[in-house]
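Note that these values count all heavy atoms, side chains included, but never hydrogens, waters or copies made by symmetry. A note on names: the letters A, B, ... follow the listed sequences, proteins ahead of strands, and every chain is numbered from 1.
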There are 2 protein chains.
Amino acid sequence: MDDEAHLEPAAPLRADARRNHDALVAAAAEVFADLGVDVPTKAIADKAGVGVGTVYRRFPKRSDLVVAVFRHEVERCAAAAQDLAARYPPFEALARWIDCFLDLVVTKRGLAAALQSEAPAYADLRGFFEDRLVPPLQGLMAAALGERSADISGQEMWRAIALLCAPATSDDFARTRRMVALLINGLRVDGADSPRTESIDS
Amino acid sequence: MDDEAHLEPAAPLRADARRNHDALVAAAAEVFADLGVDVPTKAIADKAGVGVGTVYRRFPKRSDLVVAVFRHEVERCAAAAQDLAARYPPFEALARWIDCFLDLVVTKRGLAAALQSEAPAYADLRGFFEDRLVPPLQGLMAAALGERSADISGQEMWRAIALLCAPATSDDFARTRRMVALLINGLRVDGADSPRTESIDS
DNA sequence: ATATATACGGAACGATGTTCCGTTTAGAAA
DNA sequence: TTTCTAAACGGAACATCGTTCCGTATATAT
């Protein structure tokens with residue numbers, strides 16, 4: 001959240017710092033793709049040709065680096081919602097958008113898992129994704145479900161989808177997709193399928 | 001898988017070893033409840049009053065200890081399937097059984113997450129749970145869905161449920177339950193809700 | 001009582017995350 | 001151009017944790 005052209009200058013980086021920043025993002029992108037986002041910091045530092053201290057100075061938390069690497073893709077996914085809503089019937093637009101999210105997350109090794117991590121280093125990652133992706137999802141859900149307000153919020157639906165993706169790699173895209181499809185399916189009918197409130201008495 | 005009364009003797013443990021084994025299971029049960037199943041080995045060793053070496057000698061993999069602690073509960077959950085199937089209409093029996101599983105997993109801090117771990121130390125944990133729980137689930141699903149064979153296998157359904165539980169603690173039982181309910185809901189209608197096969201063209 | 005296989009404890013090792021600090025350097029000022 | 005200093009650097013140092021190893025202790029058979 002501190003790169004790219006922004007509003008407040010707040011002290012521009014020195015030339016070497018800027019270089020290292022860029023080199024780190026590039027190196028991280030490569031290494032994340034090869035080894036996953038949970039790769040040792042040293043590997044990123046080596047790839048970028050800097051010391052680990054520099055990694056931590058520019059990107060104090062791992063999530064900062066992850067966000068820097070994937071920001072554009074996340075925002076592209078968020079933006080796709082409008083197009084899809086305009087082009088397809090509501091429910092299909094929703095399904096297609098979710099597919100779009102799956103593509104994003106499933107092709108980045110360890111990203112979906114990191115999204116679930118409670119480690120301090122990943123603390124802001126979920127927030128970043130939710131800020132960008134939940135609103136579009138919520139919009140699509142509202143359109144698809146109509147006034148019959150969802151049994152589940154956009155936030156919760158997002159969480160559920162992200163959870164189902166957690167172990168996913170490109171290999172088991174199909175499996176993940178089946179599980180998520182089941183979830184979407186569940187939206188089609190009015191909820192309240194589970195009437196029991198007492199506990200099991202076995 | 002190496003405790004309790006078994007078939008082959010295969011060298012009975014020495015008295016002190018037996019004592020330590022039992023102390024470790026007891027200590028682990030306590031510590032797991034307090035700190036979660038991913039607690040440092042040292043904490044378990046200290047609680048049991050033994051050295052870490054002893055922990056690893058008796059329980060080479062963390063999953064061995066986890067299984068020893070939760071085996072009974074898992075088997076009770078597995079056994080509940082029959083009772084439920086006899087007592088309730090098929091779909092309600094399924095829903096209730098899943099609730100039973102949620103209770104089991106959600107009240108054990110970190111257990112659901114460990115179920116997803118790919119670390120060698122947890123390698124056999126998923127297998128243990130699946131061996132005991134997938135068959136009952138499959139039975140209940142078959143009864144509920146009838147000949148219209150599920151769009152999703154018992155194995156995959158179990159996996160999906162377990163994934164949705166991953167971050168769950170007693171606190172967010174309700175949230176987890178809503179997500180799982182949505183999943184169950186998805187079973188009610190014939191699948192194939194997502195007709196698209198081409199990619200998004202935005 | 002003795003012998004020995006069994007078991008014990010915890011030091012040692014390796015991997016990683018994160019911080020700290022002595023050294024280097026970009027870039028402004030003289 | 002030279003000088004000066006804040007900014008930045010690199011990597012050693014520290015902390016944590018999993019796992020292994022081995023010298024010591026002991027249960028138990030003889």
Side-chain angles (χ1 to χ4, degrees), chain A residues 2-3 9-28 31-32 34-66 109-110 113-114 117-125, chain B residues 2-3 9-28 31-32 34-66 109-110 113-114 117-125:
Chain A
D2 61 359
D3 58 342
L13 287 180
R14 224 169 69 173
D16 52 351
R18 176 87 232 166
R19 251 195 324 275
N20 284 334
H21 174 106
D22 296 344
L24 278 169
V25 174
V31 178
F32 286 174
D34 290 347
L35 291 331
V37 303
D38 59 343
V39 75
T41 307
K42 183 80 170 17
I44 304 169
D46 288 351
K47 189 79 160 189
V50 305
V52 285
T54 299
V55 180
Y56 280 97
R57 195 173 318 103
R58 294 286 143 247
F59 303 92
K61 286 170 297 173
R62 173 60 58 99
S63 60
D64 297 330
L65 203 37
V66 177
R109 195 183 312 196
S117 171
E118 286 166 23
Y122 289 103
D124 301 334
L125 191 59
Chain B
D2 62 358
D3 58 342
L13 288 179
R14 227 169 68 173
D16 52 351
R18 177 86 230 167
R19 252 195 322 275
N20 284 334
H21 173 107
D22 296 345
L24 277 169
V25 174
V31 178
F32 286 174
D34 290 347
L35 290 330
V37 303
D38 59 344
V39 74
T41 309
K42 183 79 169 19
I44 304 169
D46 289 351
K47 189 78 159 190
V50 305
V52 284
T54 299
V55 180
Y56 281 96
R57 195 171 318 103
R58 296 283 143 250
F59 302 93
K61 285 170 298 173
R62 173 60 57 97
S63 60
D64 296 332
L65 204 37
V66 177
R109 194 183 313 195
S117 170
E118 285 166 22
Y122 289 102
D124 300 336
L125 192 59

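- Listed candidates were dG10(D), dC8(C), dT19(D). Nearest to the side chain of Thr54(A) is dG10(D).
- With rounding to the nearest 0.5 angstrom, the CZ atom of Arg109(A) is 9.5 Å from the CG atom of Asp38(A).
- In this structure, the CG atom of Asp46(A) is 16 Å from the P atom of dC9(D), given to the nearest Å.
- The side-chain heavy atoms of Arg58(A) and Leu13(A), taken from C-beta on, include a pair separated by under 4.5 Å.
- In this structure, CZ of Arg58(B) is placed 15 Å from P of dT20(D), rounded to the nearest angstrom.
- Between the CG atom of Leu24(B) and the C1' atom of dC8(C) there is a distance of 12 Å, given to the nearest Å.
- For the salt bridge (Lys or Arg N to Asp or Glu O under 4.0 Å) test, no residue two or more places apart in sequence or in another chain qualifies with Arg19(A).
- Counting only distance, with no hydrogens or angles, the side chain of Asn20(A) and the backbone of Ala17(A) share no donor-acceptor pair below 3.5 Å.
- Atom CZ in Phe59(B) sits about 16 Å away from atom P in dT20(D), given to the nearest Å.
- In this structure, the OH atom of Tyr56(B) is 4 Å from the P atom of dT19(D), given to the nearest Å.
- The two residues Leu65(B) and Leu24(B) have their closest heavy-atom pair at CD1-O, 4.2 Å.
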Counting only pairs under 3.5 Å, give me each side-chain donor-acceptor contact of residues 46-54 of chain B, with atom names and distances, residues two or more places apart or in other chains.
unit_1   : atom_1 : unit_2   : atom_2 : d
Asp46(B) : OD1    : Lys42(B) : NZ     : 3.4
Asp46(B) : OD2    : Lys42(B) : NZ     : 3.1
Lys47(B) : NZ     : Glu30(B) : OE1    : 3.3

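- OP1 and OP2 of dA7(C) both lie 4.0 Å or more from every side-chain N or O belonging to Arg18(B).
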Scan nucleotides 13-16 of chain D against the protein and return all N/O pairs shorter than 3.5 Å with their distances rounded to 0.1 Å.
none

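- Ala114(A) is linked by a side-chain contact (heavy atoms from CB on, under 4.5 Å) to Val37(A), Tyr122(A), Leu125(A), counting only residues two or more places apart in sequence or in another chain.
- Listed pair Asn20(B) / dC8(C) meets the phosphate criterion, a side-chain N or O lying under 4.0 Å from OP1 or OP2.
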Kindly give the atom pairs (protein nitrogen or oxygen, nucleotide nitrogen or oxygen) under 3.5 Å for nucleotides 28-30 of chain D.
unit_1  : atom_1 : unit_2   : atom_2 : d
dT28(D) : OP1    : Ala15(B) : N      : 3.1

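- In this structure the side chain of Phe59(A) never reaches within 4.5 angstrom of the side chain of Val66(A), judged on heavy atoms.
- Sequence order on DNA chain D of the closest nucleotides to Ala121(B) and Arg57(B) puts Ala121(B) first from the 5' end.
- The NE2 atom of His21(B) sits 17 Å away from the C1' atom of dC8(C) (whole-angstrom rounding).
- Where Gly53(A) and Lys42(B) meet DNA chain D, the nucleotide closest to each residue was compared, and Gly53(A) sits on the side nearer the 5' end.
- The interatomic distance linking Tyr122(B) (OH) with dG18(D) (C1') rounds to 11 Å, in whole Å.
- Considering only residues two or more places apart in sequence or on other chains, Ala121(B) meets the side-chain contact (heavy atoms from CB on, under 4.5 Å) condition with Arg62(B).
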